[in-house]
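Chain letters run A, B, ... following the sequence lines, proteins first and then strands; every chain starts at 1. The basis for the numbers below is simple: all heavy atoms, side chains too, and nothing from hydrogens, waters or symmetry mates.
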Protein chains: 2
Amino acid sequence: MATMQDVADRAGVSIATVSFVVNETKKVSMKTRERVTAAMAELGYHRNVVARALASQQTHIVALLYPALDHRNGPATTAFVTQAALSARARGYDLVLWPLSSEPDQMARLIAGGLVDGVVLMDVRLHDARVDALVHSQTPFSLIGRTSDAGHPFVDIDFEITLEAAVDHLCTLGHKHIALVSERLPSEPLSDLGYLVRSEDAYRASMEARGLTPFVIGCAGTTQAGREGARRVFHDAPATTAVIVINENAAFGLLSGVVGEGYSVPRDVSMISLSTSFDVGGLTDPVLTTMKVPATELAALGVDSLIDQIEEHATAPQALIPCELVIAESTAQAHDRSQIS
Amino acid sequence: MATMQDVADRAGVSIATVSFVVNETKKVSMKTRERVTAAMAELGYHRNVVARALASQQTHIVALLYPALDHRNGPATTAFVTQAALSARARGYDLVLWPLSSEPDQMARLIAGGLVDGVVLMDVRLHDARVDALVHSQTPFSLIGRTSDAGHPFVDIDFEITLEAAVDHLCTLGHKHIALVSERLPSEPLSDLGYLVRSEDAYRASMEARGLTPFVIGCAGTTQAGREGARRVFHDAPATTAVIVINENAAFGLLSGVVGEGYSVPRDVSMISLSTSFDVGGLTDPVLTTMKVPATELAALGVDSLIDQIEEHATAPQALIPCELVIAESTAQAHDRSQIS
DNA sequence: CTGAAAGCGCTTACAG
DNA sequence: CTGAAAGCGCTTACAG
């Protein structure tokens, strides 16, 4: 591997000059610049990023901290991660992946080790010790999601707009008994996840604003649990004619369970699923109406805002993006339940 | 941030000694070791990984090169990536993600920049220029998949065992007309992907060994294309009673298309899908029999073999892992087509 | 516009 | 068992 010194020797200049042309950090006369450029090309020179990092105190690496939990592994995660890496590279950064298990000192090693210039944190909780650690360490970061004290830079789904649109859509079809099947389980630590709390709050607000009675059941994010959830919905709230479901895997099971209960979708029961995959709606038969999570946009915004902070281009923004409501072609009108029983 | 010098000063030793205890690279007397350890704890010292990398010429970072193609973004990719990161960290390495677009010089920057000690390459093609570049640059690597000249370290799915098991399973149920719906399209560059070629070859071999006639159609990896694929199968090969489908998204569409053609699954037609998700079989209704891709195992093996090479522990292995056949509960027996038409 | 030189925070022969 | 010192390949004030 050719070093900067090799290039300098060949071009007959100092390594400082080579550095200036490589980084475009100072004016260099046309002639010398050309000599240097030629020398670099001849030697196939690429600057050593480790040496640069040590000298400049910037690694140009950012970390993506995400939960290494199986049940959260959807297609959206891949889309998110891919876009995060692409956005980072577009700005000259690399992306390291930090699947976060429960070991508490992992953050310390990551931050104190000096490997990264900043951190993107996924699946933020309302009270998140990781955020406190980041603030305390003065590491630049951006959050995908929000804590309850909204003083930090974040990008998040706009749950109020999203669930209002979903409820509105169902109401327009004539539904009055709209249930929410959420991943939120009181017994789980996940119950603190911001997006679960906020989606439920937004659903309740939209329902109550219309004088409708919210009905929420918690349900694990599996097909199996979704089937079981269908039974519970129609047992506990038999008047239900529409269901909004937050977890995608549960949605498949819920759909199958609703059909198993003797209802036709969408003729008897309307369903809307939060969708992490771009065409998950199309995977089911019947096709589901979905709220499409803007994973790509969230990743791009999160990474860009992080790098803006690192490079001190801008103050950290707070952005909310609604999910897009993708309406299935054949949509249920609300029916009187007596028709079908 | 405390430096090694700070620790040395506080412990009253030289930085060399601190280095020896941090890295356990030379014998240090009990007393001094304790003084150093105490000083590190008091200062909250973590060694700077960038400085270590520059001095030791090892970054302890490995790259995961994967194709940034939307259509390949399944749950398996997430599982793979997560496991790769976890396996790397278990060995003291970090994982950087390199979604690979078509720019040819990206490999050069990655390798020549000195950021990584080695590379895991996904979605290997039969003739893969990236592999040639890696060999030429003397960068340690391991392949997920194989080129046609099998002289390199790799881990891959054992397609022969996997498709033999699938064909055997269907034959045991009495099927004789078993079609393969593959993602392989002659017009696409993807047609060179090792796993597409090898799965098709293995299917043909298993069919021919039984005196059965293989029937293959290519089909894009989308729900839409899967529906269309169902039509083509029963138009071009009306005797078909069983289908093996390589792409998961296509499988959903195919299932829906087969039902749309008036057949019942699994009563009239048996289906087996290559499954990247652990419970994709359970997502459909009816439940599908699946060949479950060992994404986690492939990732762990690939990363471990790469790090073994980097640390010169072992010669690079070549490993094949079959998919597990997960048989749906209610399975089709082959029927005479005349029953249902 | 260009260069000499200090310094980033470690590792690692080499001495003792 | 421990230390002094060179060196990893850059960046960046500081001079000129």
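Rounded to whole Å, the distance from CD on A:E34 to P on C:dC1 is 14 Å. At whole-Å resolution of the value, CZ in A:R33 and P in C:dC1 are 9 Å apart.
The salt bridge (Lys or Arg N to Asp or Glu O under 4.0 Å) contacts involving residues 17-28 of chain A comprise nothing, where partners must be two or more places apart or lie in separate chains. Within the structure, the salt bridge (Lys or Arg N to Asp or Glu O under 4.0 Å) test picks out the following pairs touching residues 6-17 of chain A (sequence neighbours left out): A:R10-A:E42.
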Within the sub-3.5 Å range, which N or O atoms of nucleotides 13-16 of chain C have a protein N or O partner, and how far apart are they?
{"from": "C:dC14", "atom 1": "N4", "to": "B:K26", "atom 2": "NZ", "distance (Å)": "3.1"}

Output a table of nitrogen or oxygen pairs between the protein and nucleotides 8-10 of chain D separated by less than 3.5 Å.
{"from": "D:dC8", "atom 1": "O2", "to": "B:A55", "atom 2": "N", "distance (Å)": "3.3"}
{"from": "D:dG9", "atom 1": "N2", "to": "A:A51", "atom 2": "O", "distance (Å)": "3.4"}
{"from": "D:dC10", "atom 1": "OP1", "to": "A:Y45", "atom 2": "OH", "distance (Å)": "3.0"}
{"from": "D:dC10", "atom 1": "OP1", "to": "A:N48", "atom 2": "N", "distance (Å)": "3.4"}
{"from": "D:dC10", "atom 1": "OP2", "to": "A:M4", "atom 2": "N", "distance (Å)": "2.8"}
{"from": "D:dC10", "atom 1": "O5'", "to": "A:Y45", "atom 2": "OH", "distance (Å)": "3.2"}

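Looking at residues two or more places apart in sequence or on another chain, you find no salt bridge (Lys or Arg N to Asp or Glu O under 4.0 Å) involving B:R47. By the salt bridge (Lys or Arg N to Asp or Glu O under 4.0 Å) test, B:R52 is found to be paired with no residue, residues two or more places apart in sequence or in another chain being considered. Residues meeting the side chain to side chain contact (heavy atoms under 4.5 Å, CB included) test with A:D308, sequence neighbours left out: A:R91, A:H313, A:A314. Residues that satisfy the salt bridge (Lys or Arg N to Asp or Glu O under 4.0 Å) test with A:D158, not counting sequence neighbours, are absent from this structure. When the side chain to side chain contact (heavy atoms under 4.5 Å, CB included) test is applied to B:I61, the partners found at least two apart in sequence or on another chain are A:I61, A:L115, B:T59, B:D94, B:V96, B:L115, B:V116. In this structure, the salt bridge (Lys or Arg N to Asp or Glu O under 4.0 Å) partners of A:R130, at least two apart in sequence or on a different chain, are A:D128. Under the side-chain hydrogen bond (donor to acceptor under 3.5 Å, both in side chains) criterion, A:T37 pairs with no residue, sequence neighbours left out.
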(message) Can you give me the dot-bracket string for DNA chain C, 5' to 3', counting Watson-Crick and G-U wobble pairs with both distances under 3.5 Å, using [ ] for crossing pairs and | for partners on another strand?
(response) |||.||||||||.|||
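Tested against A:I157, the residues A:I321, A:V293, A:L320 include a single side-chain contact (heavy atoms from CB on, under 4.5 Å) partner, A:V293.
Within the structure, every side-chain polar atom (N or O) of A:T25 is placed at least 4.0 Å from both OP1 and OP2 of D:dT12. Note on A:T32: a side-chain N or O is less than 4.0 Å away from OP1 or OP2 of C:dT2. In this structure, B:T17 reaches the D:dG3 phosphate: one of its side-chain N or O atoms is under 4.0 Å from OP1 or OP2.
Atom CZ of residue B:R146 and atom NE2 of residue B:H152 lie 13.0 Å apart, to the nearest 0.5 angstrom.
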